[in-house]
Enquirer: 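Dropping the structure in here first, questions after.
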Amino acid sequence: MQSPSDRRRLPLFAPHEGGRSAMTCAYRCGNACSHPVPNTSQNPYLGDLIAQAVSRRSLLRSGVVASVAAGAAGVFAAPAAAGENGADTASANWGRGPRGLDFEPVEPNQADQVSIPDGYEQHVVIAWGDPIFEDVPEFDPEHQTPESQAGQFGYNNDYAALLEHPDSRRRKVLVANHEYTSESMMFPAYDEVAPTRDQVETAWAAHGMTVVALDEDRRSGELTVRLGDDLNRRVTVTTPFTVTGPAAGSDLLKTTADPDGETVLGTLNNCAGGTTPWGTILSGEENFNQYFANAGTVTDPDAKARLARYGLSGAASARKWEQFDPRFDIAQEPNEPNRFGWIVEIDPYDPDWAPRKRTALGRFKHEGADTRLTRDGRVVAYMGDDERFDYMYKFVSDKKMKTGNSRRAREHNRTLLDEGTLYVAKFTGDSPASEIDGTGALPSDGKFDGSGEWIKLASGDKSFVDGMTAEEVYVFTRQAGDMVGATKMDRPEDVQPNPKTGKVYVALTNNTARGTGTNAKADEANPRSSNKHGQVLELTERHDDPTALKFSWNLLLVCGDPEDPSTYFGGFPKDQVSPISCPDNVAFDPYGNLWISTDGNALGTNDGLFAVPLEGSHRGQVKQFLTVPRGAETCGPVVQEKHVLVAAQHPGEIDGASYENPLSEWPDGPGRIPRPAVINVTREDFGRIGC
């Protein structure tokens, strides 16, 4: 017989597929993969292009890989068993490799720890509940309150940025997102059917963002919290945000509490982000839909379709926030969901500047936004919509960035993301449909590349989508992409331009729904079904101009077990790479190498951080730098000359875990509940990473 607590949890932790636990799927995205795919359009699907390219390249390489691998056997060898810290301690020699990547790769493992290479050390910088102000109590998991949590580091840290402090070279500034809360692991005796007001308001305070100053030890590189620094700041579900850009004041954003449609309380499900050239932080609101109740009561067909396209359905929400604030009840406040799903911008150096929601960048399940400048100083932001079969976007500003740190320049630059043009991507194949048989067999052209175009959606008050006003394009951007024929992708998450080359890298995490039920069947863009490991795309704008309307693309990685014939590692011999599954976020080191963090590893081992050279003979050689504890996801990451920071999110979030039954002891050890935390990895001599 089920206990009362079991019965309370069953509706939340639904069956699921993939590397994540059912608990993570429930708390993080509201079991998105258990629901029908929101995109029911007939647009093409990028996974088809990729899978076909993999099969084509694999066939071309089949006659040469064996000889290449044999010739390299004296220099490279597959890693042997892991040592105590997870690093390879056998005689395998992976070679020095490019600058910044001279480390022995960590072996895949299931350890309840952060495993790092030999010669490196790690420190916890800050964990959930650590105070950032002097008058805030120390973390007490038995007595967390909304007031204490509002002055402490939030829960489930995702994106992280490590910035210079304006007042001292011996200080840094850490900015971190807090994507979501896992209430049954946070609170004793938590009842998902009937949470208390204190628990709900504590969860509100644990969402959002943290800005905190750090002291840096100049000898070891250890980073410690500087309590009470003037820059320290929490942004939560109740922090006022100013709505800016072309949709500000729209009737679609007006509510009872905000009849002007220009001020929103809080930010939700903040995932990845980016640092702008003028020093502000961009943060993406992702799975906001799960926080709202009673979408099922809506009967108007247009409103119902708009809600469904963003994954809003059903009656009560999982967290029951609507019981304590009517704005989370769609039956009472039908426009409140429209006020989330934006890119938000905060200034970590100006706590008095109200954070903004930038409507010119469109509304969808933003993973994040990353920027580069054009030759004439305009800013271009690249973005992914983290949903199966959804799209990739970019925004090009009208105004140019002003250089310098004057007040005038700063005020000007903090308006750049309000005026410009929003685009969505379309990818094109080049083989006849008759050559696509559903197996991913090689077409006759034998090529592994493609082309694409950026399709205009809106600019200011002008819409380029027939049947939609500009305001509708910005608020219902997914439908706009549907209508112009954008290409469906395998969960486009982080999209970042390489600061060294300008090439854009896209983490496509996975999509097991490909080819199932009524989902898209095989064509040139869809030659393989059930993509559970994901891939990484490399996109080149025409003439290296980020304002271009045309681009080319090629596949860098198709992830998974190197022994799986469907995997591809940029052409590098597959017996000399680390297995990688479910790429999520990407970053670049000072030398232009790509670093990839994973989420939901479907190979049965812990998630990790991986480095990949992009140029020369080592292109595609994936090397694992670290793994996170059991049940955790690798977030962040930050890769600087002497620091690697990762945010270990939801450690111990394994089916069956609860506050009373913790399934991880990280980071505090036996007898303590697991806490999400930011980790700083340095060389033992505080030298340059990978050198």
Side-chain angles (χ1 to χ4, degrees), residues 9 12-14 16 18-33 110-114 124-130 139 141 144 149 153-160 176-187 190 192 202-203 206-210 268-272 286-287 290-291 318-319 367 386 493 509 581-582 584-585 597-602 605-609 626-637 645-668 672-679:
R9 272 195 283 272
L12 184 62
F13 303 144
H16 78 299
R20 289 180 181 169
S21 70
M23 179 180 286
T24 298
C25 289
Y27 280 130
R28 180 175 179 174
C29 62
N31 289 311
C33 291
Q110 296 178 315
D112 191 26
Q113 63 183 31
V114 175
V124 173
V125 179
I126 190 169
W128 166 50
D130 286 346
F139 176 63
Q144 278 292 89
Q149 180 65 81
F153 194 65
Y155 202 75
N156 274 340
N157 34 225
D158 197 296
Y159 171 77
N177 286 349
H178 301 293
E179 186 173 6
Y180 69 96
T181 46
S182 307
E183 282 80 353
S184 64
M185 296 181 64
M186 295 171 64
F187 302 120
Y190 181 70
E192 283 139 2
T202 300
H207 278 72
M209 305 176 72
T210 294
L268 289 172
N269 212 259
N270 297 71
C271 197
E286 194 181 43
N287 294 297
Q290 63 175 306
Y291 298 90
R319 290 178 176 84
E367 172 74 12
D386 185 6
E493 299 212 37
T509 298
S581 175
C582 300
D584 186 359
N585 296 114
S597 62
T598 65
D599 169 22
N601 181 358
T605 54
N606 292 353
D607 278 311
L609 179 65
L626 61 74
T627 59
V628 292
R630 62 193 307 256
E633 168 193 347
T634 317
C635 298
L645 267 65
V646 294
Q649 188 184 89
H650 58 77
E653 196 165 85
I654 301 166
D655 294 343
S658 66
Y659 184 95
E660 291 77 14
N661 182 40
L663 296 182
S664 171
E665 299 176 340
W666 188 86
D668 297 326
R672 307 290 296 275
I673 63 172
R675 293 197 289 161
V678 176
I679 303 301

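All values reported here derive from a predicted model rather than from experimental measurement.
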Enquirer: Does any donor atom in the side chain of Thr202 or Gln144 lie under 3.5 Å from an acceptor atom in the other side chain?
Expert: no

Enquirer: Taking the side chain from Asn606 and the backbone from Ala111, do they hold a donor-acceptor pair closer than 3.5 Å?
Expert: yes

Enquirer: Would you say Pro674 and Met185 make side-chain contact, with heavy atoms under 4.5 Å?
Expert: yes

Enquirer: Counting N and O atoms only, with roles assigned by atom type, does the side chain of Thr210 sit under 3.5 Å from a partner on the main chain of Phe153, one being a donor and the other an acceptor?
Expert: no

Enquirer: Side chains of Glu179 and Gln649, heavy atoms from C-beta outward: is any pair under 4.5 Å?
Expert: yes

Enquirer: Is the side chain of His178 donor-acceptor paired with the backbone N or O of Gly208 at a distance under 3.5 Å, no angle test?
Expert: no

Enquirer: Backbone N or O of Pro637 within a donor-acceptor pair of the Ser597 side chain at under 3.5 Å?
Expert: no

Enquirer: Give a yes or no on whether the backbone of Cys271 and the side-chain of Asn177 come within a donor-acceptor separation of less than 3.5 Å.
Expert: yes

Enquirer: Decide yes or no for His207 and Asn270: does some side-chain heavy atom of the first lie under 4.5 Å from some side-chain heavy atom of the second?
Expert: no

Enquirer: Test your reading of the model: is there a side-chain donor-acceptor pair from Thr634 to the backbone of Gly608, 3.5 Å cut-off?
Expert: yes

Enquirer: Give the ring-plane orientation class for Tyr180 versus His650, where under 30° counts as parallel, over 60° as perpendicular and anything between as tilted.
Expert: tilted

Enquirer: Considering residues at least two apart in sequence or located in another chain, which fulfil the salt bridge (Lys or Arg N to Asp or Glu O under 4.0 Å) criterion with Glu183?
Expert: Arg319

Enquirer: So, Asn661 side chain and Ser658 main chain: donor-acceptor pair closer than 3.5 Å or not?
Expert: no

Enquirer: Should Asp158 and Glu286 count as side-chain neighbours, where that means a heavy-atom distance under 4.5 Å?
Expert: no

Enquirer: So do the side chains of Glu665 and Arg672 get within less than 4.5 Å of each other, counting heavy atoms only?
Expert: no

Enquirer: Are the side chains of Met186 and Trp128 in touch, meaning some heavy atoms are under 4.5 Å apart?
Expert: yes

Enquirer: Does the side chain of Pro629 reach to within under 4.5 Å of the side chain of Asp112, using non-hydrogen atoms?
Expert: yes

Enquirer: Could you check whether any side-chain heavy atom of Asn156 comes within less than 4.5 Å of a side-chain heavy atom of Ser182, counting everything from C-beta outward?
Expert: yes

Enquirer: Looking only at atom types and distance, does a side-chain atom of Arg630 sit under 3.5 Å from a main-chain N or O of Ile654, one as donor and one as acceptor?
Expert: no

